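What follows is a short report on a single structure.
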There are 2 protein chains.
Amino acid sequence: MRSSIIDVAEKAGVSIATVSRVLNGSDKVKAKTREKILAVINEMKYAPNPAARGLIMKKTEAIGLLLPDLHGEFFSEVIRGADEVVQQHGYHIIVSSSHNDPKEIEAALRFMRGRVDAIVLMSPQVNAEILLENLPKSLPIVLLNCRTDNKHFDTIVIDGYGGAREMTNYLLDLGHRRIAVITGGETNLESEERLRGYRAAMSERNVAPSRLLEFQGNFTEISGYETAREILKLKNHPTAIFAFNDSMAIGAIKAIREEGLRIPSDISICGFDDIPVARYISPSLTSVHVPISDLGAMAVNRVFDRLTKRSKDSTAHVFVPTKLCLRSSCKKINTISNLDKEEHVA
Amino acid sequence: MRSSIIDVAEKAGVSIATVSRVLNGSDKVKAKTREKILAVINEMKYAPNPAARGLIMKKTEAIGLLLPDLHGEFFSEVIRGADEVVQQHGYHIIVSSSHNDPKEIEAALRFMRGRVDAIVLMSPQVNAEILLENLPKSLPIVLLNCRTDNKHFDTIVIDGYGGAREMTNYLLDLGHRRIAVITGGETNLESEERLRGYRAAMSERNVAPSRLLEFQGNFTEISGYETAREILKLKNHPTAIFAFNDSMAIGAIKAIREEGLRIPSDISICGFDDIPVARYISPSLTSVHVPISDLGAMAVNRVFDRLTKRSKDSTAHVFVPTKLCLRSSCKKINTISNLDKEEHVA
DNA sequence: ACGCTAAATGTAAAGGTTTACATTTTTGTA
DNA sequence: TACAAAAATGTAAACCTTTACATTTAGCGT
């Protein structure tokens with residue numbers, strides 16, 4: 001049986017209003033009274049009921065964070081970045097994963113409604129705009145890598161186009177021409193942006209981008225593995241594989257190894273995201289650096305900007321640049337032997 | 001301005017009780033009335049206020065998960081395992097990290113009180129028992145790798161002793177004698193258990209365990225890196241390093257590489273936990289396998305056992321076994337050259 | 001048509017807080 | 001000492017739901 005503010009008031013010989021006042025530190029209460037009440041609170045181990053408080057205050061001190069998945073280091077870093085900022089404000093995080101399923105997104109959103117003061121939503125695959133319409137307009141929402149042109153929401157999006165373009169250019173500079181990509185889900189915004197960047201770079205350098213070199217994964221390690229196996233079955237396999245995230249690159253590396261090929265001497269491979277372990281895998285993975293934990297931190301910071309009315313009405317739209325991060329999984333192509341091979345094929 | 005159950009009742013021409021009844025599906029309501037109400041709810045996009053509901057129901061449909069940290073794949077896997085189970089029950093997770101700081105644990109616990117239906121606490125370093133005393137007795141609590149002998153809580157603990165012992169034996173079998181360890185935090189239960197296992201194995205095999213081979217890290221990658229640098233400064237450095245978790249092993253690998261040493265030919269290294277990336281780093285990391293995501297899942301399953309009264313009163317105490325996972329970061333010692341070295345020293 | 005029972009619906013209290021407004025106590029001043 | 005003003009404290013409404021209990025309506029047999 002939990003004790004309520006009434007019990008405290010009785011025991012301290014004051015009214016509940018006074019107790020409430022010392023609880024909220026706001027109004028002026030005589031020092032002696034305050035001490036007395038504090039003592040009683042301590043003694044009874046009283047803690048205010050958040051539901052009752054939330055009911056009247058319409059504040060929860062929690063932020064909802066809805067991610068597409070919880071596998072791997074990427075999302076863990078986003079959570080970490082978000083949690084760090086949130087903790088500075090005395091807030092907390094409610095996480096959920098949607099598995100890119102509209103039903104699950106809806107369920108999570110419904111759950112969060114009324115339970116959080118703001119929502120950070122990452123949904124690159126499922127267009128969640130319709131689902132967001134049921135939420136009260138007063139609830140700040142930050143969209144992370146979501147497909148939207150709705151100016152009503154704050155948005156943060158990674159420059160997938162630029163990053164992929166730069167990476168593709170780098171591979172072209174190394175002499176690669178048959179560059180395969182492993183994409184993410186079909187309707188996935190991140191994947192589409194990266195694909196756009198890849199195709200742009202290929203075209204610009206007059207290497208006709210072939211659909212036959214575009215293989216569909218789904219951003220999971222296992223899909224990287226399986227797709228790479230497909231790719232290696234081609235009789236004249238590509239000289240480089242560009243996986244659209246590091247997890248798939250890691251899966252691909254496994255497949256390549258199993259095929260007895262060496263990286264990067266037989267085939268080059270690179271990823272996207274630059275998750276922390278990228279530098280430690282073998283060989284260290286060339287990737288497109290994304291400030292992952294900053295993503296979470298930025299989103300939450302934006303939330304608090306809104307919450308503190310500093311920027312109540314105006315929405316912000318942040319475009320996060322990426323940076324090439326060169327390691328040892330890609331290598332200049334051996335032009336001679338490559339020409340050799342090409343002749344064989346021709 | 002959010003609409004309440006009263007608005008719905010008015011618009012549907014019924015009382016709030018009837019609306020509440022269709023909302024909770026429990027009582028019998030005439031089919032026609034139900035339809036009418038459902039239509040209005042849909043039209044108004046009404047959603048019940050969780051605070052009001054929580055106030056009267058004393059149920060939140062949320063589980064608190066308090067972890068020591070959010071860095072790295074270990075915790076991310078715990079969260080994933082927990083989230084999976086929790087989602088099956090239509091529940092959600094509130095995560096928080098304590099950074100092994102009693103103040104932060106207390107803050108998180110205070111926040112969770114009244115906001116969650118149960119708490120899963122992982123606190124191997126800080127003894128949180130005192131902090132748990134302020135919580136209502138009715139709140140189910142599952143302790144993950146916590147130091148406690150309080151039979152009132154459910155507990156799940158990993159067999160750190162057995163795992164470390166087995167790993168040490170394996171290294172001894174490979175011919176290693178000077179085996180250094182990188183431990184976790186000083187008062188960390190996991191670290192202590194693993195240390196106990198290491199020492200036991202050494203003693204049993206008549207290799208006097210020397211305190212000079214026990215180096216203190218803190219389970220972070222950077223501490224693994226720095227500690228390994230220390231170790232390599234020894235003029236007759238150990239032939240094997242056993243890091244008490246994989247993150248530190250990864251940090252150590254970096255330090256070893258920088259020193260120009262090859263793994264495992266110059267020095268063997270192994271970790272603990274077997275986080276998913278362990279198999280992908282270079283060289284693939286020999287480690288003690290822990291069913292990480294199962295840990296989160298088990299804890300949450302236990303919570304629901306309690307919540308559904310299936311095992312209301314009796315607490316469960318689970319001991320999770322580990323399994324050696326051999327990969328390529330450890331190698332049989334070259335006995336000749338090793339004896340050589342030993343003679344040099346002697 | 002009547003009365004009885006069962007089904008459907010309504011009424012009102014309870015849950016624990018905050019806070020505007022009302023009241024009491026304290027303080028300072030003449 | 002008495003009075004006004006300021007400070008401290010108290011009262012009660014509001015927040016939104018669920019549910020025990022009360023009331024109305026419907027269904028049935030005679």
Side-chain angles (χ1 to χ4, degrees), chain A residues 1-38 40-41 44-62 110-117 136 138-139, chain B residues 1-38 40-41 44-62 110-117 136 138-139:
Chain A
M1 178 72 55
R2 292 188 40 189
S3 49
S4 81
I5 196 172
I6 300 177
D7 306 321
V8 175
E10 262 174 25
K11 196 151 190 172
V14 296
S15 76
I16 57 169
T18 308
V19 177
S20 177
R21 279 190 272 260
V22 345
L23 244 27
N24 298 306
S26 59
D27 263 287
K28 19 191 115 186
V29 177
K30 197 156 67 174
K32 205 170 151 192
T33 318
R34 162 173 288 115
E35 276 169 37
K36 171 74 180 163
I37 293 175
L38 251 21
V40 173
I41 286 177
M44 304 181 73
K45 295 184 190 313
Y46 164 75
N49 180 324
R53 190 174 237 168
L55 181 57
I56 197 162
M57 302 272 267
K58 296 164 186 330
K59 254 186 106 212
T60 63
E61 301 183 307
R110 193 175 31 238
F111 178 88
M112 286 176 179
R113 171 172 182 173
R115 282 186 172 88
V116 298
D117 294 339
S138 54
L139 187 68
Chain B
M1 179 70 56
R2 291 188 42 191
S3 50
S4 83
I5 197 172
I6 300 177
D7 305 321
V8 175
E10 264 175 24
K11 197 152 188 172
V14 297
S15 77
I16 58 168
T18 307
V19 178
S20 178
R21 277 190 272 261
V22 344
L23 243 28
N24 298 308
S26 59
D27 263 288
K28 21 193 112 182
V29 177
K30 197 156 66 174
K32 206 171 150 192
T33 318
R34 163 174 287 115
E35 277 170 36
K36 171 72 180 167
I37 292 175
L38 251 22
V40 173
I41 286 177
M44 302 181 75
K45 295 184 187 315
Y46 164 75
N49 180 326
R53 189 173 239 169
L55 180 57
I56 198 162
M57 302 271 268
K58 294 164 188 330
K59 254 187 106 214
T60 63
E61 300 183 306
R110 193 174 31 235
F111 178 88
M112 286 175 179
R113 171 173 184 172
R115 282 187 173 87
V116 298
D117 293 340
S138 54
L139 186 68

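Heavy atoms only: backbone and side chains are in, while hydrogens, waters and symmetry mates are out. Not measured: the values here are computed from a predicted model. So you know, we letter chains A, B, ... as the sequences are listed, proteins then strands, and number each from 1.
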Spacing of [X] atom [atom1] relative to [N] atom [atom2], expressed in whole Å:
{"X": "B/Arg34", "N": "C/dT9", "atom1": "CZ", "atom2": "C1'", "value": "13 Å"}
{"X": "B/Lys58", "N": "C/dG16", "atom1": "NZ", "atom2": "C1'", "value": "8 Å"}
{"X": "B/Ile56", "N": "C/dT17", "atom1": "CD1", "atom2": "P", "value": "15 Å"}
{"X": "B/Glu35", "N": "C/dT9", "atom1": "CD", "atom2": "P", "value": "12 Å"}
{"X": "A/Arg21", "N": "C/dA22", "atom1": "CZ", "atom2": "P", "value": "14 Å"}
{"X": "A/Ile5", "N": "D/dT11", "atom1": "CD1", "atom2": "P", "value": "14 Å"}
{"X": "B/Ile6", "N": "D/dA14", "atom1": "CD1", "atom2": "P", "value": "11 Å"}
{"X": "B/Asn49", "N": "C/dG16", "atom1": "CG", "atom2": "P", "value": "16 Å"}

Residue-phosphate contact under 4.0 Å: [X] side-chain N/O, [N] OP1/OP2:
{"X": "B/Ser4", "N": "D/dC16", "result": "no"}
{"X": "A/Asn24", "N": "C/dT18", "result": "yes"}
{"X": "B/Tyr46", "N": "D/dC16", "result": "no"}
{"X": "B/Ser20", "N": "D/dT17", "result": "no"}
{"X": "A/Thr33", "N": "D/dT9", "result": "yes"}

Do you know the tightest heavy-atom contact between [X] and [Y]?
{"X": "B/Ser15", "Y": "B/Ala9", "answer": "C-CB, 3.8 Å"}
{"X": "B/Val19", "Y": "B/Val8", "answer": "CG1-CG1, 3.9 Å"}
{"X": "A/Val29", "Y": "A/Arg34", "answer": "O-NH1, 3.4 Å"}

Can you find an N or O donor on one side and an acceptor on the other, under 3.5 Å apart, linking the side chain of B/Arg53 with the base of C/dG15?
no
Find which nucleotide of DNA chain C each of B/Ile16 and A/Leu23 is nearest to by heavy atoms, and output the residue with the more 5' nucleotide.
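Nearer the 5' end of the strand: B/Ile16.
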Please figure out whether A/Ala51 or B/Gly13 has its closest DNA chain C nucleotide nearer the 5' end.
B/Gly13
With a 3.5 Å distance limit and no angle check, can you tell me whether A/Arg115 reaches the backbone of A/Ala62 through a side-chain donor-acceptor pair?
no
Determine the contact category for B/Thr18: base if any of its heavy atoms lies under 4.0 Å from a base atom, sugar-phosphate if only primed atoms, P, OP1 or OP2 are that close, otherwise nothing.
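Sugar-phosphate, backbone atoms only, no base.
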Within the 4.5 Å heavy-atom criterion, are B/Ile37 and B/Tyr46 side-chain neighbours or not?
no
Relative to the 5' end of DNA chain D, which residue comes earlier, B/Lys30 or B/Leu55, by the nucleotide with the nearest heavy atom?
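Of the two residues, B/Leu55 wins.
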